[in-house]
Novice: 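Let me give you the structure first, and then I'll get to my questions.
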2 protein chains.
Amino acid sequence: MQKLSGYAPLDDVDASHLAAACSSTIDVRADVDLIREGDEPGPVFVMLEGWACRYKMLPEGGRQITAILMPGDFCDMHVAILDRMDHSIATLTPAKVARIGPRRLEALMEDHPTIARAFWWTQLVDEAVLRAWIVSIGRRDAYHRVAHLLTELWARAFSIGRINADTTEMPLTQTEIADACGITAVHANRILKQLHEEGLIAIKKRLLTVANPAALAAAAGFDDNYLHRTLTRGRRPDGRGAVLR
Amino acid sequence: MQKLSGYAPLDDVDASHLAAACSSTIDVRADVDLIREGDEPGPVFVMLEGWACRYKMLPEGGRQITAILMPGDFCDMHVAILDRMDHSIATLTPAKVARIGPRRLEALMEDHPTIARAFWWTQLVDEAVLRAWIVSIGRRDAYHRVAHLLTELWARAFSIGRINADTTEMPLTQTEIADACGITAVHANRILKQLHEEGLIAIKKRLLTVANPAALAAAAGFDDNYLHRTLTRGRRPDGRGAVLR
DNA sequence: CGCGTTTTTGAAGCCCCTCAAGTGTAGTGG
DNA sequence: CCACTACACTTGAGGGGCTTCAAAAACGCG
C-alpha cells in the first residue's frame with residue numbers, strides 16, 4: 001500500500017512509521033461523506049481500499065466531482081491550516097480508510113523529512129491533476145473528456161499495480177463519470193457507447209478492459225506529462241510569447 | 001505588498017526577511033513566458049506588480065488558462081520537487097517580478113516557520129480556487145462562469161487593497177477571459193455585453209467598475225466559502241450521503 | 001496617420017442538454 | 001420462487017447554448 005508514497009524513495013524505517021500511522025483503520029460503506037463542505041477539517045484520511053471523490057454541490061442541485069481518490073491516495077494534509085472545508089469527500093465504494101490526527105501527522109512530518117517530502121510531492125501532483133481537469137473540461141469535447149478521464153484512471157491504476165492483464169476495476173457509475181466530466185449522464189452513456197463501438201474500451205460489471213491503452217490515450221489526447229515527462233515545445237500559434245531572457 | 005502573506009500574522013522580523021528575499025526584482029513586458037511547460041522548474045516567482053496567468057496549450061491550438069496571478073501571488077514554492085513544469089506561466093501585463101532561488105526559499109522556510117505556514121496557506125487556497133474553477137467550468141453556463149470569474153477577481157483585488165471606490169484594474173482582454181472560462185472570445189463578448197446591459201458591470205479602458213458587488217456575486221452564484229466562511233449544509237438532493245459516524 | 005489588436009455584431013449549424021420512456025439487474029420480502 | 005422496488009443503463013426526439021465563420025467598427029501605439 002505505501003508503495004504509492006514511493007515517490008521519494010522511503011527507507012524501511014520511514015515506511016514502517018508510515019504504516020504504523022495508518023494502522024488504525026475504519027471500514028465505510030459506499031456513498032458516505034467522510035467530511036463535508038463547511039465542516040471544520042478533522043483528521044487526514046488515507047484511502048487503503050476502495051474509491052472516493054472530492055465534490056462540490058451547486059445550489060441548483062448539480063454536482064461536480066473535482067478529484068477521484070484511489071487506494072493509496074490522501075485527503076490532503078495540512079487541511080488543518082484552513083478553517084473550513086471548501087468541498088466534501090465521499091466514498092464511491094465500500095472502503096477501508098485510515099485516519100491520522102493533525103498532531104500525529106505533524107510529528108510524522110517533523111521527524112521524517114523524507115516522508116514530508118513525499119507528502120508534498122503528492123500534493124503537487126494533485127494540483128497538476130486539477131489543472132489537467134480544468135483543461136479537459138474547459139477545452140475538450142465530451143468524447144475527449146471521458147476518454148481522458150479513463151486514461152488517467154488507467155494510468156493511476158497501473159502505477160499502483162492494479163492492472164490485471166488488460167483489465168482493471170472501474171467502480172464509477174455513468175452518473176459519476178458525468179459528474180466528473182461536466183456532462184450529463186445521458187451524454188456520458190452515448191460517449192461510452194461510442195468508445196465501446198470503436199473498440200477502445202469495454203466495461204462489464206464494474207470492470208474496465210482496455211485492449212490497447214496507447215490507442216485510448218491517443219484518442220484522448222492524453223499527455224502523461226502532468227505525471228511527468230518531457231513535451232513538445234514551440235511558440236504559441238499566435239506567434240506571441242517569447243521566453244524570459 | 002507582503003500584506004498578502006498576512007494570512008498568518010507575520011511579525012516584523014519575518015516580514016523584513018520576506019521583503020529581503022524579494023529585493024532582487026526584474027521587469028518583464030506583457031505576454032512573456034516566465035516559464036514553460038516542459039522546462040525544468042527554476043526559481044520561484046513572486047508577482048510584485050502586474051498580472052500573469054498559468055496556462056496550458058492544446059495540440060489543436062486552444063489555450064486554457066488555469067489561474068490568474070495578481071500582485072502578491074506566488075508561483076508555487078517547492079516546484080523544485082517536480083522534474084518538469086506541467087504548465088506555463090506568462091505575464092498578461094508589464095510586470096515586476098521577484099525571483100527566489102530554491103536554496104534561498106528552502107532556508108527562508110526552514111528559519112521562519114511562520115513564513116512557511118503562510119506559504120502553505122497560499123498553496124491550499126490556490127488549490128481551493130482550482131476546484132472552484134472546475135465547478136464553474138464544469139457545471140455553470142457561460143453567463144455564470146464569466147460573472148464568477150469577475151467576482152473572484154474583484155474579491156481578490158479587494159483583499160489586496162486594489163479597489164478604488166467602485167473601480168479596479170482589470171487588464172484581461174476578452175480573449176483571455178474566454179480562455180479562462182472555457183468559452184470562445186466571441187461568446188465572452190456577448191456575455192460581457194449582457195452583464196453590462198444588466199447594470200452589473202462596466203469595463204472601460206482596462207478598468208472594471210462594479211456599482212453593486214453583492215448583486216454581481218449573487219448573479220454569479222458566488223460562494224466566498226472557498227476563501228472561507230460557513231455554508232449551507234444538508235443532504236444531497238438524491239437523499240443519499242450519510243455523514244461519517 | 002496607418003497598422004495591428006481588440007471589440008462588436010450577424011448568421012448558420014452542431015454539440016450537448018432536457019424530457020421522456022423503456023430495459024436490465026440486484027436485492028428484498030412474501 | 002416470484003412479485004416488488006430501486007438503481008443503473010439505454011435510446012429517441014426536440015430544442016437551445018455555444019461555436020464557427022465572416023466582416024466591420026473601434027481602439028491604441030509608434
Side-chain angles (χ1 to χ4, degrees), chain A residues 29-31 51 58 60-64 92-94 136-147 149 170-197 201-208 236-241, chain B residues 29-31 58 60-64 90-94 136-147 149-150 169-197 201-208 236-242:
Chain A
R29 281 174 296 115
D31 268 304
W51 292 32
L58 288 155
E60 310 86 71
R63 175 166 85 149
Q64 177 66 45
L92 294 168
T93 69
S136 204
I137 296 176
R139 285 287 178 237
R140 284 194 257 256
D141 61 24
Y143 176 89
H144 293 93
R145 290 184 211 181
V146 174
L149 174 66
M170 228 299 292
L172 298 187
T173 66
Q174 293 185 355
T175 300
E176 286 155 355
I177 291 175
D179 284 347
C181 291
I183 59 179
T184 60
V186 171
H187 201 54
N189 177 285
R190 292 194 235 266
I191 299 295
L192 288 170
K193 181 185 174 192
Q194 189 185 343
L195 287 167
H196 178 65
E197 286 169 353
I201 64 166
I203 299 182
K204 256 288 169 1
K205 298 246 187 198
R206 310 277 107 117
L207 291 177
L208 168 65
R236 298 217 303 269
D238 57 6
R240 299 269 213 74
Chain B
R29 282 172 297 112
D31 268 303
L58 288 156
E60 311 85 71
R63 174 167 85 149
Q64 177 66 46
T91 54
L92 294 168
T93 69
S136 204
I137 296 176
R139 284 288 178 235
R140 284 194 259 257
D141 62 22
Y143 176 89
H144 292 93
R145 290 186 211 180
V146 174
L149 175 66
L150 293 178
E169 239 177 290
M170 230 300 292
L172 298 186
T173 66
Q174 295 186 356
T175 299
E176 285 155 356
I177 291 175
D179 284 347
C181 291
I183 58 179
T184 59
V186 170
H187 200 54
N189 177 282
R190 293 193 234 265
I191 299 294
L192 288 169
K193 181 186 174 190
Q194 188 185 345
L195 287 168
H196 178 64
E197 286 169 352
I201 66 167
I203 298 182
K204 254 302 168 351
K205 300 243 188 200
R206 308 278 107 117
L207 291 177
L208 167 66
R236 299 218 303 269
D238 57 7
R240 297 272 212 74

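The structure displayed is predicted, hence computed values, not measured ones. To find a chain, count down the sequence lines: A is the first, B the second, and so on, and within it residues start at 1.
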Novice: How far apart are the C-alpha atoms of Arg190(A) and Gln194(A), what are their side-chain angles, what is the distance that settles it, and do they pass the side-chain contact (heavy atoms from CB on, under 4.5 Å) test?
Specialist: CA-CA 6 Å; Arg190(A) 292 194 235 266; Gln194(A) 189 185 343; over 6 Å; no
Novice: Which whole-number value in Å describes the distance from Ile183(A) CD1 to dG17(D) C1'?
Specialist: 16 Å
Novice: How many whole angstroms separate atom CD of Glu60(A) from atom P of dC17(C)?
Specialist: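 Nearest whole value for this atom pair: 15 Å.
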Novice: In Å, rounded to the nearest 0.5 Å, how long is the span from CD of Gln64(B) to CG of Asp179(B)?
Specialist: 7.0 Å
Novice: Whole Å only: how far is the CZ atom of Arg139(A) from the P atom of dT19(D)?
Specialist: 7 Å
Novice: Does Lys193(A) have a side-chain nitrogen or oxygen under 4.0 Å from the phosphate oxygens OP1 or OP2 of dT10(D)?
Specialist: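 No.
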Novice: Using 0.5 Å steps for rounding, measure from the CG atom of Leu192(B) to the CD1 atom of Ile177(B).
Specialist: 5.0 Å
Novice: Kindly indicate, with the supporting measurements, whether the criterion side-chain contact (heavy atoms from CB on, under 4.5 Å) is fulfilled by Arg206(A) and Thr173(A).
Specialist: CA-CA 8 Å; Arg206(A) 310 277 107 117; Thr173(A) 66; 3.9 Å; yes
Novice: If you check every side-chain atom of Asp141(B), which of dT9(C), dG12(D), dC18(D) has the closest atom?
Specialist: dC18(D)
Novice: Hey, which sits more toward the 5' end of DNA chain C by its nearest nucleotide, Ala185(B) or Arg190(B)?
Specialist: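 Its nearest nucleotide being more 5', the pick is Ala185(B).
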Novice: Check whether any side-chain nitrogen or oxygen of Thr173(A) sits under 4.0 Å from OP1 or OP2 of dA8(D), and answer yes or no.
Specialist: no
Novice: Just to confirm, is there a sub-4.0 Å distance from OP1 or OP2 of dT10(D) to any side-chain nitrogen or oxygen of Asn189(A)?
Specialist: yes
Novice: Send over the distance from His187(B) NE2 to dA12(C) C1', rounded to a whole Å.
Specialist: 16 Å
Novice: Between Gln174(A) and dC7(D), does any side-chain N or O lie under 4.0 Å from OP1 or OP2?
Specialist: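 So the side chain of Gln174(A) is outside the cut-off, no N or O lying under 4.0 Å from OP1 or OP2 of dC7(D).
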Novice: For Arg139(A) and Ile183(B), indicate whether the former's side chain and the latter's backbone hold a donor-acceptor pair under 3.5 Å.
Specialist: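 Yes, the answer is positive, given that a donor and an acceptor are paired below the 3.5 Å cut-off.
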Novice: Applying a 4.0 Å non-hydrogen cut-off, can you work out what Leu192(B) is touching in the nucleic acid: base, sugar-phosphate, or nothing?
Specialist: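 Leu192(B): no heavy atom of the nucleic acid under 4.0 Å.
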Novice: Is there any protein nitrogen or oxygen under 3.5 Å from a nitrogen or oxygen in nucleotides 23-30 of chain D, and what are the pairs?
Specialist:
{"from": "dG28(D)", "atom 1": "OP2", "to": "Lys205(B)", "atom 2": "NZ", "distance (Å)": "3.0"}

Novice: Figure out the CD/P separation between Glu197(B) and dT9(C), and round it to whole Å.
Specialist: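 So the two atoms are 8 Å apart, to the nearest Å.
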Novice: Write down the distance between CD1 (Ile191(B)) and P (dT8(C)), rounded to a whole number of angstrom.
Specialist: 13 Å
Novice: CG of Leu92(B) versus C1' of dT5(C): gap in Å, rounded?
Specialist: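 Whole-Å distance recorded here is 16 Å.
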Novice: How about Arg145(B) and Ile137(B): do any of their side-chain heavy atoms sit closer than 4.5 Å?
Specialist: yes
Novice: Contact between Leu58(B) and Arg140(A) at the side-chain level, heavy atoms closer than 4.5 Å - yes or no?
Specialist: yes
Novice: Could you tell me the separation between the CD1 atom of Ile177(B) and the C1' atom of dT6(C), rounded to a whole number of Å?
Specialist: 12 Å
